[in-house]
Trainee: 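Please see the structure below; I have some questions.
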Amino acid sequence: MHSPEQPLPTFDEVLLCTPQTSAEQVGLFLRRCLIPCQGGAKIYTMLYADELSYDVSCRAEELFQRLQCYNSSYRLIILCNCERENSYLPSAFSHYKVHMIPQRSRAEIQQYLQHHFRVAEPSSSAAAVFKEHMCVGIVSSKRAGMGK
């Protein structure tokens, strides 16, 4: 986010973990991160890694230990809920732990995201529904089941 022109992460750079995330999905992600290829210097991110099951977490750590020797310049970020930092994967990687404080203001982050999510030409797209012709939006309600 150093400049507005810097792109958002691509689909292969982010793994959103849930309790249903399989060991195969995590393995494919770690291979993309740790095995050097022509893809350039990407930054890989595992979100909610604390949500992974114990078995998947153990296998992920084992695979990481085996693959990290192939690439000494990998860039991997593992984000976890601070309330679940004692789950397996955050504990296994605790010696790499860095407490992160955002370096940009909320307004700067919002402006960066608006730059990337705005539809260039107003057309007959769903973006006309959202504020300022954004191609993404959040719809919420305090009352469940009210037609969101």
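One is the number of the first residue; the rest follow in order along the sequence. Note that these values count all heavy atoms, side chains included, but never hydrogens, waters or copies made by symmetry.
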Trainee: Is S91 reaching over with its side chain to a backbone N or O of N86, donor-acceptor style, under 3.5 angstrom?
Mentor: yes
Trainee: Taking ring-ring contact (aromatic ring centres under 6.0 Å, His included) as the test, write out the residues that go with Y88, two or more places apart.
Mentor: Y54
Trainee: Tell me, please, which residues at least two apart from R31 pass salt bridge (Lys or Arg N to Asp or Glu O under 4.0 Å).
Mentor: none
Trainee: When the side chains of residues 62-69 are checked against the rest of the protein, which donor-acceptor pairs come out under 3.5 Å, sequence neighbours left out?
Mentor:
none

Trainee: Please list all pairs meeting salt bridge (Lys or Arg N to Asp or Glu O under 4.0 Å) that have one or both residues in residues 44-54, counting only residues at least two apart or in different chains.
Mentor: D50-R84
Trainee: Tell me if a side-chain donor or acceptor on E61 pairs with a main-chain N or O of C58 at a distance below 3.5 Å.
Mentor: no
Trainee: Which pair of non-hydrogen atoms, one from L30 and one from A60, has the smallest distance, and what is that distance?
Mentor: CD1-O, 3.5 Å
Trainee: How long is the span from the CG atom in L28 to the SG atom in C33, to the nearest 0.5 Å?
Mentor: 13.0 Å
Trainee: Is there a side-chain contact between Y48 and L79, using heavy atoms and a 4.5 Å cut-off?
Mentor: no
Trainee: Check whether any side-chain heavy atom of V26 lies under 4.5 Å from a side-chain heavy atom of T21, and answer yes or no.
Mentor: yes
Trainee: Side chain to side chain contact (heavy atoms under 4.5 Å, CB included) with E83: which residues, sequence neighbours excluded?
Mentor: N81
Trainee: Within the structure provided, determine whether L34 and Y70 are in side-chain contact (heavy-atom separation under 4.5 Å).
Mentor: no
Trainee: Indicate yes or no: at least one non-hydrogen side-chain atom of N71 is less than 4.5 angstrom from one of I35.
Mentor: no
Trainee: Would you say CD of Q111 has more than 12 non-hydrogen atoms from neighbouring residues, nucleotides or ligands within 6.0 angstrom?
Mentor: no
Trainee: Please determine whether side-chain hydrogen bond (donor to acceptor under 3.5 Å, both in side chains) holds for the pair D55 and S57, giving the CA-CA distance in whole Å, both sets of side-chain angles, and the decisive distance to 0.1 Å.
Mentor: CA-CA 5 Å; D55 180 52; S57 296; over 6 Å; no
Trainee: Can you check whether E108 reaches Y112 side chain to side chain, under 4.5 Å on heavy atoms?
Mentor: no
Trainee: What's the spacing between R75 CZ and E13 CD if we round to 0.5 Å?
Mentor: 9.0 Å
Trainee: Less than 3.5 Å apart, any donor N or O on the side chain of D12 or T10 sitting next to an acceptor on the other?
Mentor: yes
Trainee: Using side-chain contact (heavy atoms from CB on, under 4.5 Å) as the criterion, point out the one residue from Y96, Y44, F93 that pairs with L76.
Mentor: Y44
Trainee: So if you build clusters from Ile, Leu, Val, Met, Phe, Trp, Tyr with side-chain heavy-atom gaps below 4.5 Å, do V14 and L113 land together?
Mentor: no
Trainee: How would you list, by chain and number, every residue that makes a side chain to side chain contact (heavy atoms under 4.5 Å, CB included) with A49, sequence neighbours excluded?
Mentor: M46, I78, C80, L89
